[in-house]
Amino acid sequence: MQKQTKIEPFTRITPSAPIRADQHGGRAKCLQRLVRLDLPVPATVALPFDTVHQIAAGHMPDMNAILAAFDEVPLFSVRPSSADPDWGGPGAILNVGMTDARHAAISETRGAEAADALYLRFIQSYAVHVARLDADMFDLPDQPDSAAVERALRIYADETEEPFPQDPAVQLAEVLRSMARAWEGTTARLLRQAKGAPADAGLGLVVQAMALGVGPDESGSGVIQFVDGRTGLAQITGRYLSQSQGRDAVTRATGAIYLTRDPRGPSLEDLSPDIFALLRDHAALCRSRLNEEMQIEFTIDDNRLHVLDAVRVTRSNRAAVRIAVTLARDGVISKQDAVLRIEPRALTELLHPQIAPGARRDVIARGIPASPGAATGAIVFSSTAAQASAARDEPCILVRRETAPEDIRGMHAAKGVVTERGGMTSHAAVIARGLGLPCVVGTTGVALSQRSKTLTTADGREFTEGDVITVDCATGEVLSGAAEMQEAVLDDAFTDLLAWADAERDIGIRANADTAAEARKARTFLAEGIGLCRTEHMFFEDDRLTVMREMIFASTSEDRQAALDQLLPMQRLDFVELFQIMQGMPVCIRLFDPPLHEFLPSDRQEMRELAESLDKPIADVTRRVEQLSEFNPMLGMRGVRLGITVPEIYDMQARAIFEATVLASQLGKPVVPEIMIPLVSAKREVEMVKTRVDAVAAAVRNEKGREFDYRLGVMVETPRACLRADEIAVHSAFLSFGTNDLTQMTYGLSRDDAGRFMSDYVNLGVYREDPFRILDTDGVGELLSIGAERGRRTHPGITLSICGEHGGNSESIAFCRDAGFDYVSCSPYRVPVARLASAHLALTQPKQTDSA
Ligand code: PEP
Ligand code: MG
């Protein structure tokens with residue numbers, strides 16, 4: 001435990017001074033590190049959070065005592081020092097202490113021009129930030145002179161009805177007070193809270209002797225860093241500007257020169273090779289000893305180099321990955337540190353194309369960003385149009401009220417998807433995540449007319465088929481026109497980082513993958529198997545849909561069997577392909593789940609076409625469609641209920657799986673398939689399905705003369721299955737929690753309609769988060785815990801996992817890990833995020849070993 005030392009109202013920063021980041025802020029602590037490295041840092045005093053808080057409340061520390069901490073009374077800069085630099089803070093104020101007397105003295109030593117520049121700069125910032133006068137009145141002239149100084153002093157006196165303060169102690173007190181008050185203001189508080197700062201986050205201040213940066217001998221200021229903040233690649237970057245202070249070299253439009261020798265223009269290396277070499281050495285020392293890529297702020301004063309400050313290089317997410325990996329490769333930090341330095345969610349930006357920072361944005365609609373990335377294309381309003389567009393090689397964005405299983409081919413053909421309805425687990429969202437397609441659902445701000453094929457924005461603009469739009473899932477926005485993009489990067493840094501993460505994590509990560517393409521993606525992202533293969537998606541291919549419909553319309557069991565016999569070889573091939581791609585890794589195949597109604601046409605034209613292809617009167621088709629329609633299809637005849645009442649479908653699937661197992665095991669690594677029964681709510685359902693699946697396995701073993709193993713398990717996605725998990729587990733090799741349906745049923749909240757009011761609910765604080773996005777650990781989580789505990793009670797060692805969409809986010813992984821689950825399964829594109837998130841958990845919250 002840290003020793004509780006009394007915090008002084010201010011402390012001169014020396015190598016041994018008691019400076020603490022949690023009391024004096026990050027900048028003060030970093031300056032102390034620079035001092036300890038023996039870098040030429042001007043004398044600095046740190047004021048802790050408590051002092052600054054007292055100042056805001058009107059209790060000033062002893063100014064003369066602060067000034068006495070400096071060897072002589074020079075000019076000062078005052079800068080903010082919060083616990084986290086990202087929380088912002090008031091801007092720096094330079095040249096505090098500048099008075100008429102000092103102006104005269106500096107004119108003598110450095111010349112009138114330098115003295116005028118220093119004084120004017122201070123009057124301007126004091127007038128604007130301390131006296132709160134109008135900035136327009138204090139514009140800095142291009143060529144400061146004594147007339148400009150006199151004018152500024154006069155305007156100050158006229159506006160405040162007081163002369164400009166001439167006592168450095170008074171100036172310093174007023175600067176400290178204005179900065180302390182600015183930090184405590186409501187706007188500043190809300191801004192930093194939005195960046196994750198606690199409501200009571202404190203501000204420290206650092207008062208530093210100025211290295212002037214203006215004068216007759218070489219003087220100026222600049223910044224240097226060793227990496228490019230956009231790419232993270234090694235490159236000396238920065239600028240130097242003669243006769244300047246602070247960050248002028250990067251903020252002024254003209255005059256700054258390069259640091260290293262450069263064919264484009266003059267450089268500091270040419271101008272002053274010795275100082276440049278020293279600067280480079282200092283910066284290198286900072287990198288290796290502060291274990292970070294730092295941007296060094298420096299000043300050259302009368303040919304002498306001073307290091308004023310060092311801040312973490314601001315970086316894009318992709319640069320952050322490269323920087324962390326390079327620092328670890330160079331031995332500056334450990335691999336574990338590199339892993340912990342990357343926020344798991346930040347990886348999403350690397351996996352998908354994104355809109356380039358600073359690109360022009362004309363927002364026409366907003367919705368829920370349901371699947372990451374960004375894409376541009378021409379609007380299409382139907383799956384057919386999307387496929388036609390893809391056939392012409394023209395990128396398109398599929399815009400639908402909502403998508404249904406028959407839209408899958410259109411989604412495959414599109415570059416992005418926008419739906420008017422839906423939430424995080426609606427059909428479009430789930431499929432898009434699997435395909436890695438950017439998708440915005442539940443949009444507001446546009447009216448969609450599927451009939452007239454138009455999209456009308458709130459300000460009356462009308463978009464029709466062929467108009468180009470951009471979907472941005474970083475923000476959930478739909479933009480008019482094509483926005484400038486930056487590409488996905490899966491480079492060596494990304495691969496190394498995830499390999500290091502894998503070495504740490506202690507929970508398995510599988511992928512939800514329904515097709516060969518998704519399984520390949522899962523392998524690319526190093527998933528350890530498939531945790532959920534939704535087989536019904538395989539039946540929407542054109543050739544299969546027809547046979548599927550024949551099966552649905554079969555009036556005798558022979559006819560039904562004939563249709564299933566046609567589907568069998570297709571399914572077998574699907575599974576052989578999946579097994580081959582996964583090369584012996586576990587593949588969990590979920591038996592058929594959706595209501596049959598989803599395979600039937602919904603409009604008259606399609607019904608007529610179906611009647612023709614089945615050679616039946618259209619009345620038969622409409623009757624069957626009506627028979628199968630349900631008020632609440634998601635709570636109706638689907639999942640295992642279909643498996644029990646139309647058992648031939650599961651028989652066919654089990655046979656396809658076992659025959660594929662025999663085939664794939666002959667061709668490659670031995671396969672032990674996992675078969676999962678969906679929507680179970682009673683143990684008898686499991687017993688009945690198990691009896692038939694076992695019988696099919698026996699038959700296939702017999703016919704093929706081959707032995708194979710398989711594991712039969714249950715998808716726990718009804719509250720009753722959680723509550724009765726003890727009796728269900730007896731017959732199951734594994735329980736996999738389907739948290740999409742489980743959330744839907746626990747809340748009694750339709751996953752397809754929740755998007756309509758979810759943002760209101762979250763904004764009003766009714767729900768903390770959208771429970772379809774972030775696992776509700778209180779309610780749904782309690783059911784998971786009950787299910788896991790009861791399942792283990794009757795079946796110790798049973799495999800436990802989740803395969804709902806929650807599987808990919810950090811909070812749910814933490815929950816599953818605490819509950820001792822074996823793995824989580826999520827869409828392939830979320831696998832890298834899940835790998836990194838689990839490594840963070842393993843590193844920051846190590847599990848207690850039994851012997852401990
Ligand atoms: C679930 O319900 O959590 C699940 C994974 O299955 P689906 O989304 O296919 O209903
Ligand atoms: Mg489900």
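Indexing begins at 1, ligand by ligand and atom by atom, following the structure's order.
Residue Thr739 places a heavy atom under 4.0 Å from ligand 1. The closest approach between Glu805 and ligand 1 stays at or above 4.0 Å for every heavy atom of the residue.
Of all heavy-atom pairs spanning Gly531 and Cys803, the tightest one is O-CB, 4.2 Å.
Each of Leu679, Thr535, Leu642, Val689 was checked for a side chain to side chain contact (heavy atoms under 4.5 Å, CB included) with Leu591, and the lone residue meeting it is Val689. Under the salt bridge (charged side-chain N to carboxylate O under 4.0 Å, His left out) rule, Glu648 has a single partner from Arg655, Arg560, Arg692, which is Arg560.
Atom 1 (C) of ligand 1 has Asn740 CB, 3.3 Å as its closest protein atom, hydrogens excluded (heavy atom only). Nearest to atom 4 (C) of ligand 1 among the protein's heavy atoms is Met715 CE, 3.2 Å.
Close approach of ligand 1 to Gly804 is summarised as follows: ligand atoms under 4.0 Å from at least one heavy atom of the residue are 3 (O), 5 (C). Using a 4.0 Å cut-off to heavy atoms of Leu532, the atoms of ligand 1 that qualify are 5 (C). Within ligand 1, counting atoms from 1 as listed, the ones closer than 4.0 Å to a heavy atom of Arg751 are 2 (O), 7 (P), 8 (O), 10 (O).
Among the atoms of Asp593, no N, O or S atom falls under 2.8 Å of the Mg ion (ligand 2).
A donor-acceptor contact shorter than 3.5 Å links the side chain of His795 to the backbone of Ser732. Under the 3.5 Å distance criterion, the side-chain polar atoms of Glu528 are left unmatched by any main-chain donor or acceptor of Met585.
For ligand 1, one of its N or O atoms has an N or O atom of Glu717 under 3.5 Å away. For the pair Gly738 and ligand 1, the shortest N or O to N or O distance falls below 3.5 Å.
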